[in-house]
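Step one of this worksheet: look at the structure below.
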Amino acid sequence: MKNTLFLAASLLALTACDKQANTYPALLPTAQVLAEPVLPTHSTDAITSPESVDTQAKARADALRDRAQALKKPVIDAETRARMQKNQ
């Protein structure tokens, strides 16, 4: 019984040793970790004219809401639906 248990534990340990498994992420130099973050280039727009960024974001949100509302409509128009039901 002890040998079977040992064999099972050994096989379990071997299956856990996958060479393709994810490795730890690369370590970064301390100076890089502690450095001030660099803002992306598009962030200057938000700093210089936050109103325009807000306007663009609201316009995009409105367009997405309109698109979502359009998706709530029936996919098959009434005329086609009537024709399909007639042919059944």
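Everything numeric here is computed off the predicted structure, so don't read it as measured data.
- For the atom pair CD1 of I76 and CD of Q85, the computed distance is 9.0 Å after rounding to the nearest 0.5 Å.
- Rounding to the nearest 0.5 Å gives a distance of 10.0 Å between NZ of K58 and CD of E51.
- Considering CG of L71 and CG of D66, their distance stands at 11.0 Å, rounded to 0.5 Å.
- A pairwise comparison of heavy atoms in T44 and T41 identifies OG1-O, 2.9 Å as the closest pair.
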Could you walk me through whether R81 and M84 pass the side chain to side chain contact (heavy atoms under 4.5 Å, CB included) test, one step at a time?
-> CA-CA 5 Å; R81 183 179 300 279; M84 289 169 56; 5.5 Å; no

